[in-house]
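Take a look at the structure below.
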Amino acid sequence: MHLEFPEFEVKEKKVQVHNLPELRNVKGSVVMRMAPSPSGPLHIGHSRMAILNDEYVKRYGGKLILRIEDTNPANIDPIAYEQIPRDLEWLGVTVHQIAIQSDRMESYYEQARLLIAAGHAYVCTCIQEEFKQKISASVACPHRETPPEENLEKFQKMVDGTFSPGQAVLIIKTDLKHPNPSVRDWIAFRISDAVHPRHGTEYHAYPMMNFSVAVDDHLLGLTHVIRGKDHINNTEKQKYIFNYNKWKLPEYYHYGLVDFPGVILKTSIIKKGLAEGKYSGWDDVRLGTLLAFRKRGFRPETFRRYWIRSGMREIDSEFSVEIFNSINKEIIDTSTPRLFFVPSPVQIRIIGGKDLSGKAPYHPSHPEMGYRTYILGQDPTISVPSADWNSMQDGMELRLKDLCNVIKDGNSAEFAGNAMKERKTRIIQWVPENSRKFSVYRPDGSEDTGLIEPLAEKYRGVAQLERYGYVNIVSENTGFFTHP
RNA sequence: GCUCCGAUGGUGUAGUCCGGCCAAGCAUAUCGGCCUUUCGAGCCGACGACCCGGGUUCAAAUCCCGGUCGGAGCACCA
């Protein structure tokens, strides 16, 4: 090409690929983990952690461990042991190993004894409030200087159930003058008599998250840890365990918190709603669980693309439903058939047309998907959306899509030819007389009822109900709204 | 209050480590045009941002200081 005026040369278009950054210090492959608490099925918030970890393990090779952190027997829903792996499988996350912390209690006891013996931990039998006050004043509690032998004996009493809940805790010595009070001498074990769903009353002394996490991150050989920013302070605490043992620290990454406006995620709220019968189940479309998104017709790939685009920075952000929906649409649109659904229908009669028949493609860009054909004959009765019909004045013309033009005249429509009209003419969907009742349940809890065209009877899956939105059709008369 | 962290258009982000190619890229949303007997689809275009104030420098979104705003943690939860 001859360029007489090079300054007018069109700048080469930069193609921006959304890629996650490289991880630090990758030596060959990586070992990573995700650690949801087993309080219920996974929700959209969990999907970020799962996708990010999975992406990196797939990029570098290595191993992804699902670690179920069930060391608080009071906050476990047994459904999680089954459902979390299923949720991950649906997301397309490859789990190479499952570690259930309550099955690893002996390791925690062993590591605790080693730390006690080395003088890095002590059993404290102070009143809870007194201990807190001392710590916040940077004052050592009297038990801090107990000799290791005695601590080992006391710890044994914690383990064997001699102590009752609240009577004793195991404390990791850190730095009483640490600027962050929560990092000062933190609790590693406490006593609980709650019944554990997997182990009943076998154990009395349960490790706190910061202890079991540090021990497992080492024992499981983790090279990189990616988790939410809310764990930054925990990382600080866990480092003491690594340093006392001279273990090599994994590389830590903390992504920012995401606000999900209007999405119901909190397990406690969901459980309350379930108990009250407010929600139909964990997959109620009003909820933010993966089960609910799945029921609404979202693709797992949507989650992956969304979280990769969001990156891994420490900025807090707001979940963008707009972008999430548009990603899903981008994925499904090309293979999604078009169907007619008329919400809040009004019946009208078409006067004057002869041998009317409608023919519409299942997908305008893919004629190979076929056509829906309806023979209507003479002066047929059809249904159209009342919202459209009622907003028209008598004498106004509109187009019944893939059928004909009509002029409104009360509750009738005068046939006005088949020719393509000016662009300004409103084009609406319609359904023939023998259409089926159909209800769409929306995530805001509302329900749209109307009529769906007869040929939709056997279709299952997401369809684009023209001029209405994408809907996951699950039975001949029920669908769940996916997105606009 | 204490500790730590962050701040790019309406929204989500790229760029910040190692200052110049950034008068800031991409996506989404909105608006307009084209196409199409749906459109929220496709193509084209428009709109629109470096929190504020100082400093360093030939040069700052990028480095330094101060401020403002926002967030997280400060549990015998994870």
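Just so it is clear: chains get the letters A, B, ... in the order the sequence lines come, proteins before strands, and each one is counted from 1.
Taken from CZ in A/Phe293 to OG1 in A/Thr302, the straight-line distance is 10.0 Å, to the nearest 0.5 Å.
Contacts with RNA chain B (heavy atom under 4.0 Å) in residues 151-162 of chain A: none are found.
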Give me, pair by pair, the N or O atoms of the protein and of nucleotides 75-78 of chain B that are less than 3.5 Å apart, along with how far apart they are.
{"residue": "B/C76", "atom": "N4", "partner": "A/Gly166", "partner atom": "O", "Å": "2.9"}
{"residue": "B/C77", "atom": "OP2", "partner": "A/Arg190", "partner atom": "NE", "Å": "2.5"}
{"residue": "B/C77", "atom": "OP2", "partner": "A/Arg190", "partner atom": "NH2", "Å": "2.6"}
{"residue": "B/C77", "atom": "O2'", "partner": "A/Asn72", "partner atom": "ND2", "Å": "2.8"}
{"residue": "B/A78", "atom": "OP1", "partner": "A/Thr71", "partner atom": "OG1", "Å": "3.1"}
{"residue": "B/A78", "atom": "OP1", "partner": "A/Arg190", "partner atom": "NH2", "Å": "3.4"}
{"residue": "B/A78", "atom": "OP2", "partner": "A/Met209", "partner atom": "N", "Å": "2.9"}
{"residue": "B/A78", "atom": "O3'", "partner": "A/Glu69", "partner atom": "O", "Å": "3.3"}
{"residue": "B/A78", "atom": "O3'", "partner": "A/Glu69", "partner atom": "OE1", "Å": "2.9"}
{"residue": "B/A78", "atom": "N6", "partner": "A/Asn234", "partner atom": "OD1", "Å": "3.4"}
{"residue": "B/A78", "atom": "N6", "partner": "A/Asn234", "partner atom": "ND2", "Å": "3.1"}

I'd like a list of close polar pairs between nucleotides 8-11 of chain B and the protein, N/O only, cut-off under 3.5 Å.
{"residue": "B/G10", "atom": "N2", "partner": "A/Glu322", "partner atom": "OE1", "Å": "2.6"}
{"residue": "B/U11", "atom": "O2'", "partner": "A/Ser320", "partner atom": "OG", "Å": "3.4"}

Under 3.5 Å, N/O pairs linking protein and nucleotides 48-52 of chain B:
none

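Where A/Pro21 and A/Ile232 each meet RNA chain B at their nearest nucleotide, the meeting point lying more 5' is that of A/Ile232.
Scanning RNA chain B for stems, defined as runs of 3 or more consecutive Watson-Crick or G-U wobble pairs whose donor-acceptor distances all fall under 3.5 Å, gives the following ranges: B:1-7 with B:68-74, B:10-13 with B:25-28, B:30-34 with B:42-46, B:51-55 with B:63-67.
In this structure, a donor-acceptor pair under 3.5 Å is absent between the side chains of A/Tyr441 and A/Asp448.
Of the candidates B/A27, B/U38, B/C74, B/C74 carries the atom nearest the A/Pro181 side chain, counting heavy atoms from C-beta on.
Nucleotides B/A14 and B/A49, compared at atom C1', are 13 Å apart to the nearest Å.
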In 5'-to-3' order, the base (B), backbone-only (S) or no-contact (-) status of each nucleotide in nucleotides 61-66 of chain B, using a 4.0 angstrom heavy-atom cut-off, is ------
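Contact check for A/Val258 versus A/Trp307: side-chain heavy atoms found under the 4.5 Å cut-off.
Note: A/Phe319 and A/Phe260 have tilted aromatic rings, judged against thresholds of 30 and 60 degrees for the angle between ring planes.
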